[in-house]
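The block underneath contains the structure these notes are about, expressed in structure tokens.
These numbers come from a predicted model, not from an experiment. For reference, positions follow the sequence shown, starting with 1.
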Amino acid sequence: MQLSHRHLYCCATLGVLSLLSAGVFAHNISESNARFVEALSGPAVVAFGYLGAKHMITGFDHLLFLLGVVFFLSRPRDVVVFVSLFTLGHSITLLLGVFAEWQVNAYLVDAVIGLSVVYKAFENIGGFDRAGRFHLDARFAVFAFGLFHGLGLATKLQGLTLTSEGLITNMLSFNVGVELGQIIALAVILLILLRWRVSARFEQQAFAANTVLMTCGFLFAGYQLAGYYVAIQ
């Protein structure tokens, strides 16, 4: 199969994202942001809202999953339904994870997040249909993986030393920031997809792109599992 320049550009872009997703700073709160937030006392709506938005926009594992979710969605209603289910899922576990102080291993949660990218990309290329294997309803799967994505966000916040004063306001502000960041990222993704879909080669290129997307998920999951193995030694 001969690859067009646009095809190569798409694969190269996803390849860069895969490297970033496996990197140390793909999903962590930077040290400077952590110090700034930990120094705050009381409600800080703007600061936590900004932190949430930045965390989503630079969280390449979340962005890769969102890309997989909306890759073939063409009707606005479908986009709203699936993104809303993902939002509901990660909002629930983000807030409960912090307030209930759920103690979960960040490496294992992030590994599941990486595998969520694999799952969605494999579904996009018809992998489950070809294998004749049972797979979850697409809407339920997006919601379920949203729960893990939110838990991943919660583990990052649990790593900070936050004052209890104004904690509810700050966590709600962080969650709102995450949603705003998601809207911005989603708008960019959809604009790119809309332009790409008018290409006569889209169907041909889509398979390769989702294969690369699946590789991204495996890389991220493998990186996290390796980190877990090192941590328990």
Side-chain angles (χ1 to χ4, degrees), residues 1 3-4 6-23 26-27 56 59-75 78-90 93 107-152 182 185-186 189-190 192-194 196-197 199 201-228:
M1 178 176 64
L3 302 180
S4 68
R6 186 179 297 181
H7 189 180
L8 291 173
Y9 176 76
C10 171
C11 290
T13 301
L14 287 176
V16 170
L17 287 177
S18 72
L19 294 177
L20 290 172
S21 70
H27 186 56
M56 173 57 76
F60 295 102
D61 46 355
H62 300 303
L63 299 183
L64 290 173
F65 182 72
L66 273 178
L67 174 60
V69 169
V70 302
F71 197 90
F72 285 119
L73 298 181
S74 56
R75 296 191 304 174
D78 291 335
V79 174
V80 171
V81 168
F82 277 88
V83 173
S84 296
L85 287 170
F86 178 62
T87 298
L88 177 62
H90 70 65
T93 47
Y107 285 115
L108 295 181
V109 172
D110 284 347
V112 174
I113 291 175
L115 293 177
S116 73
V117 178
V118 174
Y119 180 96
K120 200 69 192 72
F122 189 65
E123 183 180 62
N124 285 348
I125 63 176
F128 292 109
D129 295 333
R130 291 188 181 91
R133 301 292 183 182
F134 168 79
H135 63 284
L136 299 174
D137 177 89
R139 289 167 296 185
F140 178 79
V142 168
F143 172 75
F145 283 126
L147 295 174
F148 284 98
H149 280 252
L151 202 54
Q182 179 174 281
L186 187 62
I189 290 172
L190 288 174
I192 293 174
L193 285 174
L194 285 173
W196 188 13
R197 285 170 183 163
S199 168
R201 293 178 173 269
F202 174 71
E203 292 297 330
Q204 181 185 47
Q205 296 168 351
F207 184 90
N210 276 280
T211 300
V212 175
L213 190 62
M214 188 163 54
T215 303
C216 295
F218 276 126
L219 284 172
F220 183 76
Y223 176 83
Q224 297 301 326
L225 290 174
Y228 173 73

Does the ring centre of His149 sit less than 6.0 Å away from the ring centre of Phe145? no
Distance (rounded to the nearest 0.5 Å) between Leu115 CG and Leu225 CG: 7.0 Å
Should the pair Phe86 and Phe65 be assigned to parallel (<30°), tilted (30 to 60°) or perpendicular (>60°) ring geometry? tilted
Reported CG-to-CG distance for the pair Leu64 and Leu67, which is rounded to 0.5 angstrom: 7.0 Å
Working to the nearest 0.5 angstrom, can you tell me the gap between Asp61 CG and Leu63 CG? 8.0 Å
For a 4.5 angstrom cut-off between non-hydrogen side-chain atoms, does Met214 reach Ile125? yes
Residues at least two apart in sequence or cross-chain that pass ring-ring contact (aromatic ring centres under 6.0 Å, His included) with Phe148, listed by chain then number, are none
Applying salt bridge (Lys or Arg N to Asp or Glu O under 4.0 Å) to Arg197 and not counting sequence neighbours gives none
Using side-chain heavy atoms (C-beta onward) and a distance below 4.5 Å, is Asp78 in contact with Val81? no
If the plane angle is over 60° it's perpendicular, under 30° parallel, otherwise tilted; pick one for Phe202 and Phe72. perpendicular
At their closest point, which heavy atom of Gly217 faces which heavy atom of Val118, and how far apart are they? C-CG2, 3.5 Å
NE2 on His90 to CD on Gln182, rounded to 0.5 Å: 4.0 Å
Which atom names give the shortest non-hydrogen contact between Ala206 and Phe71, and what distance separates them? CB-CE2, 3.5 Å
Option from Val117, Thr215, Asp110 for which side-chain contact (heavy atoms from CB on, under 4.5 Å) with Phe220 holds: Asp110
Taking every heavy atom of Ala221 against every heavy atom of Ala111, the minimum-distance pair comes out as CB-O, 3.5 Å
Using the test side-chain contact (heavy atoms from CB on, under 4.5 Å), find all partners of Ala138 that sit at least two apart in sequence or belong to another chain. Phe82, Glu123
Tell me the closest heavy-atom pair linking Val79 and Val70, and the distance in Å. CG1-CG1, 4.5 Å
How long is the gap from CG on Leu66 to CG on Leu186, to the nearest 0.5 Å? 6.0 Å
Calculate, to the nearest 0.5 Å, the distance between atoms CZ and CZ belonging to Phe218 and Phe122 respectively. 8.5 Å
